[in-house]
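Let me begin by presenting the structure, written as structure tokens, before commenting on it.
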Amino acid sequence: MASTSKVDLSGEDDDEQLERFDDFTLASSWERFISEIEAVCRQWLADGPNNLLEKGAVKLDFSQKLYKVKMELKYAMKSYNMEYYFETSSGGKIADGNSTLHDLQLCFGVKDFLVIAPQSASGVVLDSPEASKLLSAVAIALTNCSSLWPAFVPVHDPSRKAYIGIQNMGTVFTRRFEADRIGSQVPVRLMHLEGLYELFVSKFAYSTLDFAMHLCKVHFTMTSTYRTIHHDDDDLQSLGTEKEEHGDNHGNETRSRSQWDDDCPWSEWYSAEDPVKGLELTATWSEKTVESSLEMAELENASPHEAEKWMILPYLSPNLDSSEGNRIGFASQLRLLVDALNMSFDAQFMEDFVSVENPGSDNLKSSMIVPPPTVLDRVFKDLFHEGSQVAAFAKGEHKISRAIKGAPFGSLFAQFCLHALWVGTCNIRAIAVLWIEFIREVRWCWEESQPLPKMQANGSIDLSTCLINQKLQMLAICIEKKCEMNEDFQDCVGSNDHTYDHMEEDSPVGDKTTNKQKHGDEFDGIQDSPLTKDGLHGSGTTTSRRSMKHGDILSTGLKSSDHNRRGSAGAVGSMKLLKSYQSMHAPFTQDAPLMTEDMHEERLQAVEAFGNSFSFSAQLEKDILSSDMSAFKAANPDSVFEDFIRWHSPGDWENDDNKESGPSKSPVTKGLKDDWPPHGRLSQRMSEQGNLWRKIWNDTPALPVYEQKPLIDPFREGEKILHYLETLRPHQLLEQMVCTSFRVSADTLNQTNFGGLKQMTTKMDQLYRTMASTLKPLQTNHVSGNSETIEDLRRLCVIFEHVEKLLTLASSLHRTFLQAPRLSETIFTDYYNFYLPRMGTGSTGSLEVDEKEFDVKYQVMTRERQCVSNMFTPPTANQSWRKVLSMGNLLNGHEPIVREIIFSVRDSLRNNHYAAHNPRGFQREIETYRMYICGTSNDLRVALSVTSCD
């Protein structure tokens with residue numbers, strides 16, 4: 001031997017020879033490596049899945065049931081990771097099609113398994129001997145543990161996803177695994193089912209003596225996956241960029257093609273990204289037995305509608321659950337408006353933000369975009385010239401919307417606020433420019449007596465709205481009254497000068513312009529026209545409904561006053577005048593003077609300053625009371641103060657029930673002396689000496705409403721309103737704009753048709769309640785810059801964005817599955833529960849929540865298949881130019897994006913001479929050959945498992 005020769009030549013002693021002796025009683029490094037693997041596997045087996053979960057097993061992101069634990073091992077100066085993958089509960093079977101499986105579970109049909117790989121950049125074993133040695137070590141360790149876990153080692157290049165593996169079947173059978181991938185052009189023969197079938201049969205038909213090809217029955221299952229063509233959103237992004245550069249994000253004229261949300265309520269202001277980006281359909285053919293390649297050729301021509309099972313996976317936009325806040329919508333613009341509110345406290349007037357004399361204007365000019373004149377022209381054309389009719393304010397409003405003190409949906413100020421959100425970048429400087437131009441347009445309407453668009457010019461002031469809306473509504477009424485007074489003035493100029501002079505001499509208010517009421521529009525009673533008579537103030541412009549001579553009297557012998565009755569709206573039931581027994585007539589009266597919220601506050605402050613006595617309250621209402629008394633006297637010439645009280649304030653007239661009891665008698669037949677006048681009296685307060693009401697009655701002339709001085713001076717009130725709008729503090733304007741913008745933005749979204757989803761309806765109710773409570777401080781003017789209210793408003797914007805995202809998704813799902821409402825409801829419910837943890841988390845949501853993806857599959861019922869199939873519209877030439885169709889099973893011209901096939905051959909243990917004898921004749925089949933094939937025309941992956949007797 002060489003060693004002996006070396007010892008003889010060198011003359012070394014016996015001790016040195018003993019040092020070179022290999023003691024095989026000591027374990028080698030490879031044996032120690034096997035022992036370490038065995039110890040780890042025994043520990044995992046002893047712990048079981050439940051204990052492993054308690055010890056920190058990691059759940060895989062793509063699966064709901066699959067977990068893994070790992071251990072670091074070292075051998076021959078190298079480090080390896082051994083990972084054990086296990087499922088919590090599957091009943092010994094692999095998970096169903098609705099669960100996401102691990103790659104090795106798909107390829108080889110296993111459940112729990114081991115993977116041992118080196119700790120390297122590639123994570124694979126590039127050396128074949130090393131891979132075989134690793135696999136052998138794991139196999140020996142698992143055999144020692146009596147474990148049936150399969151073990152795999154990744155080999156070759158990582159892009160090939162290649163594995164080799166082995167599994168002890170517990171008997172004399174061993175299963176070996178091998179997987180590889182063709183990443184380049186796939187041979188044409190392997191693109192078709194017939195060629196794939198022949199590939200599988202070739203693995204055993206000509207090499208194994210235990211099987212004869214003509215007796216072989218191959219089991220076959222197939223799953224084809226189709227995907228709709230995704231919408232191209234590049235046009236939307238380029239459109240948004242173009243608008244932003246021009247300082248305007250609103251307008252649909254520049255859109256070259258129709259969008260999915262063209263008929264959605266928000267499409268007037270922005271185009272939303274379709275949250276449903278596409279749909280993935282998985283059609284599964286159940287297991288079939290195939291005996292020839294001709295049968296495979298027939299299956300390749302089969303329609304996906306013949307598949308036994310359909311599953312869909314909706315592809316949702318990643319921006320739905322993104323927390324970066326880069327989504328364009330109402331919420332993003334409201335956030336900018338809140339920032340503008342925070343800056344509004346830096347100036348006294350809106351002009352300061354655009355004035356060149358403002359020291360901070362340079363910074364504003366450099367950092368804030370001002371809309372160009374063309375944009376302003378378009379905005380004010382929409383506000384004041386197009387569709388200027390009064391909108392139906394109640395349309396689209398939520399039942400809780402009125403709790404938010406803003407302008408109603410569709411009103412002039414509401415539309416102004418919506419435009420302001422999308423002009424420029426909704427900065428304070430752009431808002432100032434827009435507001436200044438807005439006031440100019442409003443003043444033009446006032447000066448030219450043009451109706452104020454989108455505002456009601458009648459009715460009472462809605463005090464539940466913001467003050468600016470109240471002022472605009474009152475201005476619209478003043479313009480209307482101004483126009484009426486101008487018409488009356490023109491009529492007076494063209495009338496008889498003698499009659500006009502007569503009115504000036506006799507009427508104490510004849511020198512004032514009067515407001516003629518349109519009686520027929522408000523009352524159904526008989527109208528008595530005024531007639532000219534000595535001592536009376538006839539208008540000279542109306543004609544009598546019937547002719548009557550001054551000397552005419554009633555047949556009862558009572559003196560008639562019908563010939564000088566003016567401004568009557570008709571008789572008041574059976575009520576009679578106390579002195580003359582004439583029918584009491586209700587007069588046309590002026591409406592109570594309209595007051596905005598600040599005017600009511602001023603009156604309340606005056607009451608608090610002077611006391612709450614009845615006399616002072618009556619003094620404040622003297623103009624209204626005097627007008628009513630004048631109209632009543634004109635309609636009832638023979639009336640007395642008690643008659644007016646009986647009509648105007650019945651509670652102040654006390655009837656004597658005892659004296660008036662008994663059967664009533666007809667005055668025509670019985671006369672007037674028995675029961676007339678009626679027995680009654682004024683109340684104590686009306687009977688007091690020096691009563692203010694009686695004094696006003698005595699001093700008030702008999703004038704119909706069209707001859708009275710108007711209770712409200714439209715010229716004076718109109719100028720006061722314009723002065724208020726022109727001198728409004730910036731923060732007061734922005735506070736009302738914020739309230740209105742939140743309200744009308746929500747009202748706009750509330751018009752969306754989402755199929756009546758209960759979760760969405762509940763979420764909208766919650767949004768309105770949250771807005772009402774958060775916006776309350778803005779209604780009391782208790783907000784200052786950088787206050788907590790500003791932060792609350794920013795958090796409200798985040799909540800609004802969440803609801804807006806959900807509403808957009810609900811609308812898109814409703815449209816997509818219009819003929820399959822069950823699917824839309826199920827998908828939205830699942831996504832709502834998935835998205836719920838993100839609600840209210842703010843822009844800095846937890847990473848644990850954000851990393852999670854929504855990937856749930858849904859089974860399609862037979863009646864819903866046509867609806868799903870219609871979503872796969874035939875591809876156009878531009879959409880299908882990239883590749884030539886080369887696979888079968890087309891769905892409306894779409895070939896599968898991936899096709900998964902499983903071939904298998906089973907054999908009975910009873911027919912195998914290696915199997916143990918079973919006296920009871922129990923027959924069990926094992927899968928001797930299994931091939932999993934997954935791929936397309938450019939990518940093919942094959943995984944083969946073979947069971948053999950060792």
Side-chain angles (χ1 to χ4, degrees), residues 94-101 105-107 109 186 190-197 200 218-230 276-290 295-316 813 816-817 819-820 822-824 826-827 830 855-875 879-880 883 885-904 931-943:
I94 62 173
D96 57 19
N98 197 31
S99 300
T100 305
L101 302 179
Q105 290 179 319
L106 282 173
C107 289
V186 178
L190 299 182
M191 295 180 188
H192 302 282
L193 296 180
E194 185 178 357
L196 295 173
Y197 171 80
F200 173 68
V218 176
H219 299 276
F220 162 83
T221 60
M222 181 175 67
T223 300
S224 296
T225 303
Y226 306 85
R227 184 176 296 171
T228 58
I229 299 174
H230 290 185
V276 181
K277 306 300 293 181
L279 193 70
E280 187 176 281
L281 169 64
T282 302
T284 303
W285 281 261
S286 60
E287 186 175 285
K288 304 178 184 296
T289 302
V290 182
E295 296 181 41
M296 300 303 299
E298 294 177 0
L299 284 171
E300 189 165 11
N301 295 325
S303 169
H305 287 275
E306 300 177 14
E308 284 73 18
K309 187 178 183 181
W310 276 24
M311 301 287 292
I312 60 170
L313 172 64
Y315 277 96
L316 304 182
L813 288 175
T816 304
F817 298 100
Q819 304 301 324
R822 184 195 66 87
L823 286 174
S824 63
T826 305
I827 296 173
D830 289 345
D855 53 356
V856 183
K857 291 184 177 181
Y858 302 90
Q859 185 171 356
V860 181
M861 301 300 179
T862 304
R863 64 179 182 275
E864 300 168 336
R865 288 193 177 188
Q866 190 59 46
C867 174
V868 175
S869 177
N870 293 338
M871 300 176 194
F872 292 84
T873 56
Q879 294 168 340
S880 59
K883 61 180 179 178
L885 300 180
S886 51
M887 302 170 66
N889 308 117
L890 301 182
L891 176 62
N892 296 342
H894 296 259
E895 71 172 0
I897 60 170
V898 64
R899 182 170 58 186
E900 297 174 275
I901 302 169
I902 297 177
F903 293 109
S904 63
M931 179 179 285
Y932 170 80
I933 303 169
C934 176
T936 61
S937 58
N938 296 320
D939 188 3
L940 184 67
R941 189 176 189 197
V942 179

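- F817 is listed as a side-chain neighbour of I312, based on a closest heavy-atom distance under 4.5 Å.
- The distance from the OG1 atom of T289 to the CD atom of E295 is 9.0 Å, given to the nearest 0.5 Å.
- Judged as a ring-ring contact (aromatic ring centres under 6.0 Å, His included), and not counting sequence neighbours, Y932 has no contacts.
- The closest side-chain heavy-atom distance from L190 to L196 is below 4.5 Å.
- Looking at heavy atoms from C-beta onward, I901 lies out of side-chain contact with F200 at the 4.5 angstrom threshold.
- Ring orientation note: the planes of F903 and F220 are tilted relative to one another, at an angle of 30° to 60°.
- Closest heavy-atom contact between E306 and A302: OE1-CB, 3.5 Å.
- In this structure, the side chains of M222 and E300 stay at 4.5 Å or more apart for every pair of heavy atoms.
- Within 6.0 Å of atom CD in Q819, 12 or fewer heavy atoms from other residues, nucleotides or ligands are found, so the atom counts as exposed in its surroundings.
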*Take L891 and S869, measure what side-chain contact (heavy atoms from CB on, under 4.5 Å) needs, and give me the verdict at the end.*
CA-CA 8 Å; L891 176 62; S869 177; 3.8 Å; yes

- [ ] Might you work through the side-chain contact (heavy atoms from CB on, under 4.5 Å) test for E280 and I897, ending with a clear yes or no?
- [x] CA-CA 9 Å; E280 187 176 281; I897 60 170; 4.0 Å; yes

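- Within the model, atoms CE of M311 and OG1 of T225 stand 11.0 Å from one another, a figure rounded to the nearest 0.5 Å.
- Atom CG in L299 sits 11.5 Å away from atom OH in Y197 (nearest 0.5 Å).
- Closest non-hydrogen pair, E308 versus S286, comes out as OE1-N, 2.9 Å.
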Please walk me through it: do T284 and T221 pass side-chain contact (heavy atoms from CB on, under 4.5 Å)?
CA-CA 8 Å; T284 303; T221 60; over 6 Å; no

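- The line from CZ of R822 to CZ of R863 is 6.5 Å long, rounded to the nearest 0.5 Å.
- Using modelled atom types and a 3.5 Å distance limit, the side chains of N892 and Y226 yield no donor-acceptor pair.
- In this structure a side-chain-to-backbone donor-acceptor pair under 3.5 Å is missing from R227 to G278.
- Residues W285 and N889 form a side-chain contact, since some pair of their non-hydrogen atoms from C-beta on lies under 4.5 Å apart.
- By the 4.5 Å heavy-atom criterion applied to side chains, C934 and V898 are counted as neighbours.
- Checking side-chain atoms of N870 against main-chain N and O of Q866 turns up a donor-acceptor pair under 3.5 Å.
- Nearest heavy atoms, R899 versus S224: CG-OG, 4.0 Å.
- To the nearest 0.5 Å, atom CG of residue L279 and atom CG of residue L316 are 10.0 Å apart.
- The OG1 atom of T862 sits 12.5 Å away from atom NZ of K309, with the distance rounded to the nearest 0.5 Å.
- Nearest heavy-atom pair across W310 and P304 is NE1-O, 3.0 Å.
- A search for ring-ring contact (aromatic ring centres under 6.0 Å, His included) contacts involving H219 returns nothing, not counting sequence neighbours.
- Heavy atoms only, all atoms of each residue included: P896 and G888 are closest at CD-O, 3.4 Å.
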